[in-house]
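Below is one structure, written out as structure tokens; the observations come after it.
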Amino acid sequence: MDGGVTYQRFPKLKIREMRDDVVKFELRETDASMANALRRVMIAEVPTVAIDLVEIEVNSTVLNDEFIAHRLGLIPLTSDRAMSMRFSRDCDACDGDGQCEFCSVEFHLRAKCLTDQTLDVTSKDLYSSDHTVVPVDFSDPNEPGEQRGIIIVKLRRGQELRLRAIARKGIGKDHAKWSPAATVTFMYEPMIRINEDLMENLSLEDKRSWVESSPTKVFDIDPVTQQVVVVDPEAYTYDDEVIKKAEAMGKPGLVEIEAKEDSFIFTVESTGAVKASQLVLNAIEILKQKLDAVRLSDDTVEADDQFGELGAHMRGG
Amino acid sequence: MNAPDRYERFVVPEGTKKVSYERDTKIINAASFTVEREDHTIGNILRMQLHRDPNVLFAGYKLPHPLQYKIIVRIHTASQSSPMQAYNQAINDLDKELDHLKNAFEIELAKHSREY
């Protein structure tokens, strides 16, 4: 069936900047469908773990039970294990009631305010049954003393909060709390060509006002040669302001800007549930799994083969 | 109140096939693939990959309704190929492209980790 023909592409990839929560990379020699599929998968289909079930024992705080349950769900939990965990809906060990180690993690929270000072209940007060799944730590390594948990509720004297919560694996398509991505964006790389002949004919004043017409700092004037130079092509927001300005100045074609249709600049920001770089790798893996799932099953192929023979007879007759 | 359950969007109901195939009754080498519980993510990459195949005369997909969680991919090929062959080829090629991408990302990752 496959005679060795292939229309496969070999995209080029280059990481520009990498931190735990942000990664920026260039993706080249592929098309927008691939870039967008990756973006969509990162946002909505890479699994994480998030609190999904809350049993409240005591709640005498100012917030009602469901308000607190909602806030707990939105706390990002470290989810490096999520790719290998089971969804509780197809967990055989516990029938999806979320009590087993393969598909769920249990949390406990106990807090009571006994002083006149307001007590902050934060994500640091959540005790996990599994040390690999804990609330994401946002403390600044430069200021080790400062505690920076996510505030869940504030208590005054005598108020108490006691609960049990179960975290499960899920995807952003189900509920946004499971999305590991804070933002994922990609832009086309712009190709900016200045028409040097036309530009030479401009006075310095005109050059300056043209450079100023761009809302972002894309162009500048070289202090030595007084030529207009492109300082940051990626600052261009495809706003067409410089093109309109050139036309208004009676110099259409002063600059040509086009989007390179096969080059993308990605910015991936993670919520902290997984590292940004891991998020990209997980997205590639999930997209592969999705493609595998849409392969034709053997019985479909067989049924068609029979039909195909019949059709050939009909056509041949 | 009567909103469909959220999981309806990505869980294939029991007894339903993920992909079903239907030949066109009037045109030879034309067929529609109905893919359950998929959306633009899969639909668009498949369509664009099919366009790279010179034997494919037409390839398109639609999401018939936002609350019907399926896509319909329609393929019409030249006589040297068949919709099924083109469909499989597109998936194989995309799969290999993603393998390549994964490798490329891991190589870059190793380079960057060393710099720290």
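Just so we're clear, the structure is a prediction, and the values are computed from it rather than from any experiment. Order of the sequence lines fixes the chain letters, A, B, ..., with proteins taken first and strands second; residue numbering starts at 1 for each chain.
Heavy atoms of other residues, nucleotides or ligands lying less than 6.0 angstrom from CZ of A/F67 number 12 at most. The neighbour count for A/K177 NZ, taken as heavy atoms of other residues, nucleotides or ligands under 6.0 Å away, is above 12. Under a cut-off of 6.0 angstrom, the local environment of NE2 in A/H70 is sparse, with at most 12 non-hydrogen atoms contributed by other residues, nucleotides or ligands. In the displayed structure, A/D298 atom CG is contacted under 6.0 Å by at most 12 heavy atoms of other residues, nucleotides or ligands.
When all heavy atoms are compared, the tightest approach of A/P11 to B/H100 is O-NE2, 2.8 Å. In terms of heavy-atom proximity, B/K17 sits nearest to A/S297 at CE-OG, 4.1 Å. Shortest non-hydrogen contact noted between B/L101 and A/L13 is CD1-CD1, 3.9 Å.
Among the candidates B/D5, B/V35, B/I107, B/I42, the residue making the largest number of heavy-atom pairs closer than 4.5 Å to chain A is B/I42. For the options A/V41, A/N36, A/V280, A/D31, heavy-atom pairs under 4.5 Å to chain B are most numerous at A/V280.
Contact check on A/R9 versus B/D93 returns no salt bridge, with no Lys/Arg side-chain nitrogen under 4.0 Å from an Asp/Glu carboxylate oxygen. Salt bridge annotation for B/R9-A/D174: absent, with no cationic side-chain nitrogen under 4.0 angstrom from a carboxylate oxygen. A salt bridge links A/K290 with B/E38: the distance from a Lys NZ or Arg NE/NH1/NH2 to an Asp or Glu carboxylate oxygen falls below 4.0 Å.
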Assess the residue pair A/V23 and B/H112 against the criterion (side chain to side chain contact (heavy atoms under 4.5 Å, CB included)); give the C-alpha distance rounded to whole Å, side-chain angles, the decisive distance to 0.1 Å, and a yes or no. CA-CA 11 Å; A/V23 62; B/H112 264 259; over 6 Å; no
Please evaluate residues A/I284 and B/E97 with respect to the criterion side chain to side chain contact (heavy atoms under 4.5 Å, CB included), reporting the C-alpha separation (whole Å), side-chain torsions for both, the decisive distance (0.1 Å), and the verdict. CA-CA 10 Å; A/I284 295 171; B/E97 179 172 343; over 6 Å; no
Evaluate the criterion side chain to side chain contact (heavy atoms under 4.5 Å, CB included) for residue pair A/F25 and B/E108; output intermediate values, then yes/no. CA-CA 10 Å; A/F25 63 95; B/E108 277 288 302; over 6 Å; no
Passes side chain to side chain contact (heavy atoms under 4.5 Å, CB included), B/Y87 versus A/V294? Steps please. CA-CA 10 Å; B/Y87 182 87; A/V294 301; 3.8 Å; yes
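If you take OG1 on B/T41 and CD1 on A/I286, they are separated by 12.0 Å, rounding to the nearest 0.5 Å. Between A/L281 atom CG and B/L109 atom CG the span is 6.0 Å, to the nearest 0.5 Å. Going from atom OG of B/S113 over to atom CD1 of A/I15 covers 7.5 Å, rounded to the nearest 0.5 Å. The CD1 atom of A/I171 lies 14.0 Å from the OH atom of B/Y7; values are rounded to the nearest 0.5 Å. Taking CD from A/Q8 and CG from B/L98, the interatomic distance works out to 9.5 Å, rounded to the nearest 0.5 Å. The OH atom of A/Y7 lies 6.0 Å from the CD atom of B/Q89; values are rounded to the nearest 0.5 Å.
Side-chain contact between B/V19 and A/R295: absent, with no pair of heavy atoms (C-beta onward) separated by less than 4.5 Å. Taking the side chain as every heavy atom from C-beta outward, A/V5 and B/D53 never approach each other to under 4.5 Å. For the pair A/K288/B/L94, no side-chain contact is recorded, criterion being any heavy-atom separation below 4.5 Å from C-beta on.
Side-chain contact annotation: B/N44 with A/S33, donor-acceptor N/O pair under 3.5 Å absent.
Interface residue B/V11: only side-chain heavy atoms are found under 4.5 Å from chain A. Of the two parts of A/S277, the backbone and the side chain both hold a non-hydrogen atom closer than 4.5 Å to a non-hydrogen atom of chain B. If you measure heavy-atom distances from B/K102 to chain A, the contacts under 4.5 Å come from both the backbone and the side chain. Residue B/F10 touches chain A through its side chain alone, counting heavy-atom pairs closer than 4.5 Å. Looking at A/F87, there are no atoms closer than 4.5 Å to chain B (heavy atoms on both sides), in backbone or side chain. Of the two parts of B/E8, neither the backbone nor the side chain holds a non-hydrogen atom closer than 4.5 Å to a non-hydrogen atom of chain A.
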